[in-house]
Amino acid sequence: MDLIDNINRKLAALDAQSLLRRRRVVDTRCSPLQVVDGRAMLAFCSNDYLGLAAHPRVVDALRTGAQLYGAGSGASHLISGHSRAHAILEERLAELVAPHIEDARALYLSTGYMANLAVLTALGLDADAVIFSEALNHASLIDGARLAKAGVSVYPHGDVAALEALLANSTAATKIVATDAVFSMDGNLAPLPELLALCERHGAWLFVDDAHGFGVLGAQGRGALEHFGLRSPNIVYVGTLGKAAGVAGAFIAAHASVIELMIQRARPYIYTTAAPPALAHALLTSLDIITSDEGAALRSHLELLIAQLDADLRLARWQRPASNTPIQPIIIGANDEALRVAAALYAKGLWVPAIRPPTVPKGTARLRVTLSAAHTHDEVAQLVTALNELEAM
Ligand SMILES: *Cc1c(COP(=O)(O)O)cnc(C)c1O
């Protein structure tokens, strides 16, 4: 009983700080209109930025993939789980990033979380390596740095000068600068051109986690590297495929030698069953849509929705950091207040998640509004009206 009591005390302490999280059960497919715990809701929660998670062509491709390759892969990639579907997907992804990374090759993994662990543990394999990690990096980058043998040095958010000083003073044999491209709880972009220039000056790798940029940024949806027009052999790129691409998994794109090192040494790649090949097959259709005129039209609509939210929200008390991406945070501050506002929205049929520490720094609990090309202008207008009313209360 002592063991269980101990756990229950920890849970009660979380509850007392308004930090207990709960899951809601969604009965419908991922889309703005969802039935949640049996109730119809308008949702602004998902990272399905282009509305591909329930796109008929992607769903069809998933069905075809299952018919062609079955339900599961049966083994890890290095045993017998590496199917033709995975191989074709990796070739297609390598072509997509080829304009931005010299001699590019791509590697498909089951999740972005694992892709980030893979990159940092394999690149930071030696104790004489140092990972320079941006302060607001996603948890998966933080965990990857913890798992690596390399040392870790955290630099302040967006502070290129501070990073430069750290790099200049470092005698590490291998230097790895690791950053989110789009910060997942703030929606702003890392200064990637400046970071790349620094990395090139100091012989460091630039490791970019583009979970929220791939599919969304760039004229063809190739992500943050396309958006900034970057090209270098020293970039290691992770794009995730469960957000804008609407399916699941992630890919590492880098110089062919880096990818070969991942295949040989990255334990999060090696010691896990390969993702179902049907997912890789479905992703080929997602990539076709992302890079086609349809994808460009979805991105244009999304931009209009972002502009609408920006123009029509009139907030005085709550903070709204500048963001040109579909991630639109509204910073409320206290945990209980953020929960109260989220509950009030929920009562009006609007589902917006309240994000609390440790996901965001203490005192910056927030609503994290995410927009999708699947939203209509009218739906965004409903959210704006409700937020303007609630803030004035
Ligand atoms: C979601 C996310 C990940 C993890 O990707 P998954 O495929 O969901 O595991 C990694 N980095 C960032 C910045 C993310 O937002």
Side-chain angles (χ1 to χ4, degrees), residues 21 23 30 44-50 52-53 58 86 89 93 106-121 123 131 133-148 154 157-158 176-190 192 195 206-217 223-225 227 235-253 262 266-269 272-276 279-280 282-283 286-287 290 323 325-329 353 355 358-361 366 368-372:
R21 288 133 187 263
R23 303 173 302 167
C30 179
F44 294 89
C45 307
S46 85
N47 303 310
D48 179 25
Y49 301 122
L50 299 180
L52 298 189
V58 178
H86 296 123
L89 175 64
L93 289 164
L107 190 70
Y108 176 62
L109 292 91
S110 311
T111 72
Y113 186 95
M114 287 165 65
N116 285 341
L117 297 191
V119 168
L120 289 172
T121 54
L123 270 191
I131 297 164
S133 182
E134 144 81 53
L136 292 191
N137 272 347
H138 186 261
S140 54
L141 292 171
I142 297 170
D143 293 356
R146 284 180 182 154
L147 206 54
V154 177
H157 179 57
I176 306 152
V177 173
T179 184
D180 283 17
V182 179
F183 292 94
S184 53
M185 296 300 139
D186 294 76
N188 59 328
L189 299 185
L192 293 180
L195 294 178
L206 178 61
F207 171 29
V208 177
D209 172 358
D210 201 20
H212 299 278
F214 183 73
V216 174
L217 298 176
L225 302 183
H227 172 83
I235 295 172
V236 179
Y237 180 86
V238 163
T240 68
L241 300 169
K243 290 173 178 162
V247 185
F251 66 101
I252 304 169
M262 298 295 153
R267 296 165 68 91
Y269 178 71
T272 190
T273 301
L279 299 179
L283 278 163
S286 293
L287 296 182
I290 285 172
S323 160
T325 68
I327 301 172
Q328 293 287 328
I355 309 285
T359 310
V360 294
R366 65 196 66 187
R368 178 177 183 266
V369 172
T370 49
L371 298 174
S372 163

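For the single chain, residues carry numbers from 1 onward in sequence order. Values below: all heavy atoms of this structure, side chains included; hydrogens, waters and symmetry mates excluded. Start at 1 and go down the list; that is how both ligands and their atoms are numbered.
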Restricting to heavy atoms, the pick from Ala139, Ser110, Ala245, Gly112 nearest atom 7 (O) of ligand 1 would be Gly112
If every non-hydrogen atom of Leu206 is compared with every non-hydrogen atom of Leu192, which pair is closest and at what distance? CD2-O, 4.3 Å
Donor-acceptor contacts, no H, no angles, side chain residues 180-190, under 3.5 Å, sequence neighbours left out:
residue : atom : partner : partner atom : Å
Asp180  : OD1  : His138  : N            : 3.2
Asp186  : OD1  : Arg366  : NH1          : 3.4
Asp186  : OD2  : Arg366  : NH1          : 3.2
Asn188  : ND2  : His157  : NE2          : 3.0

Under a 4.0 Å heavy-atom limit, does Ala250 contact ligand 1 with its side chain, its backbone, both, or neither? neither
Report the part of Thr240 (side chain from C-beta onward, or backbone N, CA, C, O) that has a heavy atom under 4.0 Å from ligand 1; answer both or neither where that applies. side chain
For Glu134, does its backbone N or O pair with a side-chain atom of Thr179 as donor and acceptor, under 3.5 Å? no
What are the atoms of ligand 1, with element, lying closer than 4.0 Å to any heavy atom of Thr111? 7 (O), 9 (O)
Give the numbers and elements of all ligand 1 atoms closer than 4.0 Å to a heavy atom of Ala211. 2 (C), 11 (N), 12 (C), 13 (C), 14 (C), 15 (O)
Should Ser140 be listed as contacting ligand 1, given a heavy-atom distance under 4.0 Å as the test? yes
Check ring pair (Phe, Tyr, Trp, His ring centres under 6.0 Å) between Phe251 and all other residues, then give those that pass, not counting sequence neighbours. Phe214, Tyr237
Counting N and O atoms only, with roles assigned by atom type, does the side chain of Thr121 sit under 3.5 Å from a partner on the main chain of Leu117, one being a donor and the other an acceptor? yes
Pull out every atom of ligand 1 sitting under 4.0 Å from any heavy atom of Asp180, numbered as shown with elements. 13 (C)
How close do Ser140 and Tyr113 get, counting heavy atoms only, and between which atoms? CB-CD1, 3.5 Å
Ignoring angles and geometry beyond distance, decide whether Ser184 reaches within less than 3.5 Å of ligand 1 through its nitrogen or oxygen atoms. no
Using a heavy-atom cut-off of under 4.0 Å, does the side chain or the backbone of Asn116 touch ligand 1, or both, or neither? side chain
Closest non-hydrogen contact found for Cys45 with Pro353 is SG-CD, 3.5 Å
Under 4.0 Å to a heavy atom of Tyr113 - the qualifying atoms of ligand 1, by number: 4 (C), 5 (O), 6 (P), 9 (O)
Which part of Met114 is near ligand 1, with near meaning a heavy atom under 4.0 Å away: side chain, backbone, both or neither? neither
Which residue from His138, Lys243, Met185 reaches closest to atom 1 (C) of ligand 1 through any of its heavy atoms? Lys243
Sidechain-backbone polar pair: Asp210 side chain, Gly223 backbone, donor-acceptor under 3.5 Å: no
